[in-house]
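Heads up: the structure comes next, in structure tokens.
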Amino acid sequence: MGLPAGLILALILQILSGSTSGTIASSCDSCDDEANCLKTRERGDSFTSQAYSCVCQDGFVGDGLTCYDAKLCSDSSCCSQGYQWTPDMGCVDTDECSLSESPCTPRQVCRNTPGSFACLEPSTQTVLFHCGRSDCPRGMDCIDDHDSRCADPCDHYTKLNDEWRSTNNTVINRPRCDRDIRWKGWYRMYLGRESAQLPERCLGSHRCGTDAPMWMTKAHPTESDEIVNRKVCAAFEDDCCSYDTDIQVKLCPGNFYVYKLVKPSTCYLAYCAEVKGPAPEVVPTTPEPITEPLTHAPDTTPETFSSTEGPNHPSQLICGRETLQVGLDVDSLTSSGLNPLSGNLATLNCSQFTVRDNVVWYEVETRAGVCGNTLKTNSTHAIYSNSLFIYPKSNSSFVHPLSVPFTCVFPLDTHSNMDVAVRPFLELKGAITGSGSRAKASMSLFHNSSFSEKYPAGLVTLPVGSPLYVGVSVEETDPSFAVVLEDCYATHLSNPHNPEQYPLIHSKCPADRRQVSVVESGASLRARFSSLFFLLQHEYRDLYLHCSLSLCDRRTSSCVPPCTHRNYRSVSNSEHLETITVGPILWEKATE
């Protein structure tokens with residue numbers, strides 16, 4: 001049964017007068033118990049789909065998702081620490097970082113969090129380049145085309161597409177040498193039509209079409225706005241680093257890398273290339289002793305980490321988006337009187353394993369609660385933890401099993417500073433810790449408001465004034481998270497960092513409610529919005545849409561953005577993902 005017409009009129013008058021705040025929601029279930037749910041169509045909206053609005057009842061203030069008693073809470077007694085009372089929105093987050101005196105020391109960077117703040121140490125690995133009489137901005141290099149200027153190497157690189165550089169190439173008729181190449185500027189690696197990258201492990205001699213293949217000793221960078229130094233070694237005979245030099249690396253939008261390569265001083269050395277597949281390769285080399293739990297910067301694919309201390313047996317950990325895998329050496333367990341195939345996780349009936357290359361791999365789905373998995377999220381990471389138990393070969397008497405605790409840390413923020421230590425949830429002695437990949441996001445343009453039919457990839461041509469239906473989805477197996485539209489904007493170039501931007505969604509809310517409608521955000525692993533597009537700068541030029549996203553833990557936060565006629569900082573505990581892009585879109589002139 002619908003609301004009386006008089007009540008609807010009163011609520012509309014309240015919204016227009018500013019005495020009550022309403023929020024667009026995906027359903028009425030999102031509304032507070034002290035709020036009314038209305039079906040609305042926003043002013044100026046030409047779309048046929050209806051939205052729901054949550055509006056606090058008379059005597060209550062808030063965004064409709066959370067409502068406060070205006071009389072009982074007026075003295076801030078309803079607000080938690082780190083939040084402050086406002087007459088029209090109730091409890092809102094206090095931005096400590098915007099105060100006149102920063103709560104952090106001058107060297108640190110202040111970062112506001114819901115109800116609190118964090119003091120971050122500045123990154124020390126970013127490389128800055130000099131150009132002319134000044135320094136280039138972070139993430140740019142001095143590019144010498146016709147004249148020297150600062151530019152993004154992600155837009156200015158040479159393709160390096162040599163099949164003989166593949167790590168799978170072990171046939172060498174005539175060894176190649178990169179000393180014979182005139183290296184200049186930045187390079188992107190390809191194998192066939194697939195984007196490739198330098199390997200991050202020692203490969204051994206006589207591979208990649210050369211005698212001494214070159215590999216990178218540290219993981220690739222994880223922040224797309226910085227250029228970092230990396231050491232490259234050449235492996236020959238029993239020496240994994242018979243020659244070394246420094247190069248620069250940058251992560252580009254689209255999850256590919258560009259390298260500023262240098263000429264080796266001798267022959268026969270050459271840079272290797274590989275395509276990172278879905279399954280990580282276990283490195284068959286003896287790892288260096290680890291004296292503390294392993295922490296690594298996350299990469300775009302799962303990585304394998306090894307430890308010879310902690311559990312007292314060689315162990316390996318793979319942090320995958322779908323499964324977590326712990327590997328133990330079969331011979332080592334057997335020689336210690338243990339049955340390598342007897343293991344189980346925190347839940348007794350969870351004992352799925354496979355044996356590969358004399359290593360027994362136990363695996364568990366990357367999901368909270370499965371097989372005893374625990375999940376904790378902070379402002380930057382999702383942390384999954386569990387323990388593996390291995391029993392003695394003889395079960396004639398009661399003996400404590402070998403315990404192998406493990407923790408996998410997945411970043412929620414692809415721009416997080418990995419120089420800041422992340423404390424694992426299980427502080428158990430001997431735990432092994434690894435890092436998993438970021439969640440992958442995709443954005444598509446749809447034909448209709450039901451978001452059921454996608455436009456194919458490539459150029460889309462539409463008339464001026466047409467509605468755009470944009471959908472975003474994130475590949476994440478754990479339903480505890482929701483994706484939030486942080487900022488969406490249009491540019492005339494495919495580079496999302498282009499300074500000339502035209503905002504559509506700003507700080508999680510429509511920049512202009514007459515032309516933009518957020519259909520879904522913060523409710524699931526997909527997000528939807530609609531927008532009317534007109535000419536920008538009076539020109540019929542290609543347009544690209546870009547969106548920065550964040551993952552939000554729905555168990556601990558209200559993830560649906562509270563958008564009203566005023567902008568307030570959201571109190572949801574969400575963190576940015578990498579910016580994604582769709583386009584180009586070309587506008588047709590209106591028919592006469």
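Heads up: numbering here begins at 1 and tracks the sequence.
Legend: residues meeting salt bridge (Lys or Arg N to Asp or Glu O under 4.0 Å) with D162, ordered by chain and number and at least two apart, are R165. P253 pairs by the side-chain contact (heavy atoms from CB on, under 4.5 Å) definition with C154, P496, H497, not counting sequence neighbours. Every residue meeting the side chain to side chain donor-acceptor pair (under 3.5 Å) condition with S442, not counting sequence neighbours, appears here in chain and number order: S473. Evaluation of the side-chain contact (heavy atoms from CB on, under 4.5 Å) rule for E453 yields H447, N448 as partners, not counting sequence neighbours. Every residue two or more places apart in sequence or in another chain was checked for a salt bridge (Lys or Arg N to Asp or Glu O under 4.0 Å) with D246, and none qualifies. Applying the ring-ring contact (aromatic ring centres under 6.0 Å, His included) rule to F481 yields no partners; only residues at least two apart in sequence or on another chain are considered. The salt bridge (Lys or Arg N to Asp or Glu O under 4.0 Å) check on E96 picks up nothing, with sequence neighbours excluded. For F446, the ring-ring contact (aromatic ring centres under 6.0 Å, His included) partners at least two apart in sequence or on another chain are F451. Scanning for ring-ring contact (aromatic ring centres under 6.0 Å, His included) contacts around H130 gives an empty result, with sequence neighbours left out. Scored by the side-chain contact (heavy atoms from CB on, under 4.5 Å) test, C79 finds Y83, W85, C91 as partners (sequence neighbours excluded). Under the side-chain contact (heavy atoms from CB on, under 4.5 Å) criterion, T158 pairs with Y187, not counting sequence neighbours.
As summarised for C563 and C509, their two SG atoms come within a distance smaller than 2.5 angstrom, satisfying the threshold. Sulfur-sulfur distance for C37 and C31: not below 2.5 Å, with no disulfide indicated. On the SG-SG cut-off of under 2.5 Å, C136 and C131 do not qualify.
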Begin with the C-alpha distance, continue with both residues' side-chain angles, and end with the deciding distance and a verdict on side chain to side chain contact (heavy atoms under 4.5 Å, CB included) for V262 and V232.
-> CA-CA 10 Å; V262 297; V232 174; over 6 Å; no
Could you go step by step and tell me if Q248 and N229 meet the side chain to side chain contact (heavy atoms under 4.5 Å, CB included) rule?
-> CA-CA 5 Å; Q248 285 78 49; N229 278 323; 2.6 Å; yes
Verdict with supporting geometry, M189 and Y257, side chain to side chain contact (heavy atoms under 4.5 Å, CB included) = CA-CA 8 Å; M189 289 184 159; Y257 300 98; over 6 Å; no
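Within the 4.5 Å cutoff, the side chain of L468 has heavy atoms near those of the L545 side chain. A heavy-atom distance below 4.5 Å is not found between the side chains of K263 and I181. When side chains are defined from C-beta on, V470 counts as touching L445, because their heavy atoms get closer than 4.5 Å. Taking 4.5 Å as the limit, some side-chain heavy atom of W183 sits within range of a side-chain heavy atom of L160. A 4.5 Å side-chain heavy-atom check between K508 and V518 finds every atom pair outside the cut-off. Counting heavy atoms from C-beta on, the side chains of T217 and R230 never come closer than 4.5 Å.
Distance alone, capped at 3.5 Å, places no donor-acceptor pair between the E226 side chain and the V127 backbone. R526 places no side-chain N or O within donor-acceptor distance of the main-chain N or O of V474, the cut-off being under 3.5 Å. With hydrogens and angles disregarded, a donor-acceptor distance shorter than 3.5 Å links the side chain of N161 to the backbone of G192. Formation of a donor-acceptor pair under 3.5 Å by the K250 side chain with backbone atoms of G139 is found in this model. A distance-only check finds no donor-acceptor pair linking the side chain of D141 to the backbone of I143 [under 3.5 Å]. R554 places no side-chain N or O within 3.5 Å of a backbone atom of G522 that could act as its donor or acceptor partner. For the pair T366 (side chain) and D478 (backbone), a donor-acceptor distance under 3.5 Å is absent.
For the pair S195 and F256, the tightest heavy-atom approach, listed with the atom from each and the gap, is OG-CB, 3.5 Å. C488 and F529 make their closest contact through SG-CE2, 3.9 Å (heavy atoms, listed as atom of the first residue, atom of the second, distance). Across all their heavy atoms, C252 and V258 have their closest contact at SG-CG2, 3.7 Å. Across all non-hydrogen atoms, the minimal contact from P87 to V61 is O-CG1, 3.2 Å. The nearest pair of heavy atoms linking E200 to W215 is C-CE3, 4.0 Å. When every heavy atom of D178 is checked against every heavy atom of Y271, the shortest pair comes out as OD2-N, 2.7 Å.
In this structure, K184 places its NZ atom where only 12 or fewer heavy-atom neighbours from other residues, nucleotides or ligands lie under 6.0 Å away. With a 6.0 Å radius and a threshold of 12 heavy atoms from other residues, nucleotides or ligands, Q501 has its CD atom above the threshold.
When only modelled atom types and interatomic distance are considered, E486 and S548 share no side-chain donor-acceptor pair under 3.5 Å.
Just one residue in the list E194, R188, R193 forms a side chain to side chain donor-acceptor pair (under 3.5 Å) with Y190, and that residue is R188.
Each salt bridge (charged side-chain N to carboxylate O under 4.0 Å, His left out) pair with one or both residues in residues 455-470, not counting sequence neighbours, would appear here, but there are none.
Ring centroid separation for the pair Y259 and H220 comes in under the 6.0 Å cut-off.
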